[in-house]
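Reminder, nothing fancy here: chain letters follow the sequence lines and each chain counts from 1. Predicted model, so just to flag it, every value in this text is computed and none were measured.
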2 protein chains.
Amino acid sequence: MSSKAAPLSQIDNKPLRARVLDSLREAIVAGDLKPGQPLLENELAAQLGVSRAPLREAFQILSHEGLVETVAYRGTVVRKLTKQDIEELYSLRCVFEQFAIRRIIAANNPLDVALLRELFDAMLLAAESGDLKQVNLIDRQFHDTLIELSRHQLLHQAWSMVTLRVRQVMALRNRRNSVLTQIAYNHVPIIEAIEAGDEARAMFLIQEHVVSARDLIVEMWDNGDEPTP
Amino acid sequence: MSSKAAPLSQIDNKPLRARVLDSLREAIVAGDLKPGQPLLENELAAQLGVSRAPLREAFQILSHEGLVETVAYRGTVVRKLTKQDIEELYSLRCVFEQFAIRRIIAANNPLDVALLRELFDAMLLAAESGDLKQVNLIDRQFHDTLIELSRHQLLHQAWSMVTLRVRQVMALRNRRNSVLTQIAYNHVPIIEAIEAGDEARAMFLIQEHVVSARDLIVEMWDNGDEPTP
DNA sequence: AAATGGTCGTTTGTCGACAGTAGACAGTCC
DNA sequence: GGACTGTCTACTGTCGACAAACGACCATTT
């Protein structure tokens, strides 16, 4: 965000609600606030050292992002994730990425591919040093970059709704390490298909990629959709 | 929203912010609040007879829906619609509808097609009696129904962001009457393709449909993207 | 015993008041 | 004269307090 050569870093002057929002969102997608957990306004306000007003304004956004659920006069809880939620999440994610890739291919800008290759190199590096956290971070960056390179603000906005909850899902399960370098190498054919302008192949590959990611999650998702008898 | 055979209609017990939200949203998508128009909190609160708190909470949602733009300490204005916005709007809309139709075809439920045919009949009826407003309403319902029949909550949520602003766009231009019955008949081949399970054809048709709708708007969009010199 | 009705405590919903900020305007120094 | 600086104002941001609504519990009635 900040320009890199600035002698003095910019003072964070964002409204409180924005900082509260970021804080809560991070806690939710990181899994610190568990699904189903009620968010009491008084308690949270005291904990964050703010009044209820900015907190409530942050809740509005979170609710619209689908991270929490608010019932009038009943309160706000972290949204639960059912198996169906996950199916929907990944299926829409796939649609978004396919659309983004189509646009990238149509734009046909060599710099785009170069950027993706850069990310891949970084991911490979992290994988070889066994840094799982870093691999995950770059993996996320890779897919976020796909969306950004599509240069479609509205898509970008819609994407944020999906990617936030995907992060939440990944945080809530114990990610098996799998083979790190294998994860990294999975991205190569996608980049190559984009580079070659082979739309059909890119569509197929990204779908495979997302579906396999989904399957990893879904099969080990323990909580049932309908816990009521 | 309300069930139709209820002897007593439900008393509106929604929180103020929700009613404020609906009111503002309707005013914006109907074009009563013009793009660029500043929304002064005090003024609007007085006008609606509420305090600023629920109004501000409504602003949060509207901002997240892309209908207004809020700058910290500067205020909130109705979001302007540039040509690029419209391009993005319709391109994403197309992606959403294609995805919805793929799911409808996959579900292969005859009742879905029946419902769509029903809507078509109603549209045709309205078109023949020259009721432009009604045709537009049913046209909207038709496309909303496509999304709903996909039975994909997340898609439905993302769709609302798109459809709201499409309504705004349509409200802001003076819709040429064109040939009403022609508009209605445009939907027939789409329904037939769904019925036949011909995915490729349905994809093509809905794209044509959306693109032609977009072209009608874009070509007569007068305001430039960058009015600043 | 089941169902109805009332009370109470907790939590959210709303309000009015105060503090803070950005931009506009005018004044001052070079 | 030009540019910087100080003030002023209208608006947003935040707060604490009060009102309203819900759910749980208990008393009452049939």
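- The residue A:Arg52 sits close to a base: some heavy atom pair falls under 4.0 Å.
- Atom pair A:Glu41:CD and D:dT14:P shows a separation of 16 Å (rounding to whole Å applied).
- Without hydrogens or angle criteria, A:Thr145 side chain to A:Gln141 main chain gives a donor-acceptor distance under 3.5 Å.
- Ion pairing between a basic and an acidic side chain is recognised when a charged N comes within 4.0 Å of a carboxylate O; B:Glu65 and B:Arg25 show such pairing.
- Using a 4.0 Å heavy-atom distance criterion, A:Arg56 is classed as a base contact.
- Read 5' to 3', the first and last nucleotides of DNA chain C with an atom closer than 4.0 Å to a heavy atom of chain B are C:dG13 to C:dG23.
- Listed pair A:Arg74 / D:dG23 meets the phosphate criterion, a side-chain N or O lying under 4.0 Å from OP1 or OP2.
- Across the protein-nucleic acid pair, B:Lys14 atom NZ and D:dA21 atom P stand 16 Å apart, rounded to whole Å.
- Between A:Ala72 and A:Pro15, it is A:Pro15 whose nearest contact on DNA chain D lies nearer the 5' terminus.
- One N or O on the side chain of A:Arg151 and one on the backbone of A:Leu149 form a donor-acceptor pair closer than 3.5 Å.
- Contacts of A:Leu55 with the nucleic acid, taken as non-hydrogen atoms under 4.0 Å apart, are absent.
- The CZ-P distance, from A:Arg19 to D:dG13, rounds to 13 Å in whole Å.
- In terms of position on DNA chain C, the residue among A:Gly75 and A:Ala53 whose nearest nucleotide sits closer to the 5' end is A:Gly75.
- Taking each heavy atom of B:Tyr90 and B:Val210 in turn, the nearest pair found is O-CG1, 3.4 Å.
- The distance from the CD1 atom of B:Ile86 to the CZ atom of B:Arg93 is 12.5 Å, given to the nearest 0.5 Å.
- Ion pairing between B:Lys14 and B:Asp22 holds under the 4.0 Å rule for side-chain N and carboxylate O.
- For A:Leu40 and D:dC22, the CG to C1' distance is 14 Å, given to the nearest whole Å.
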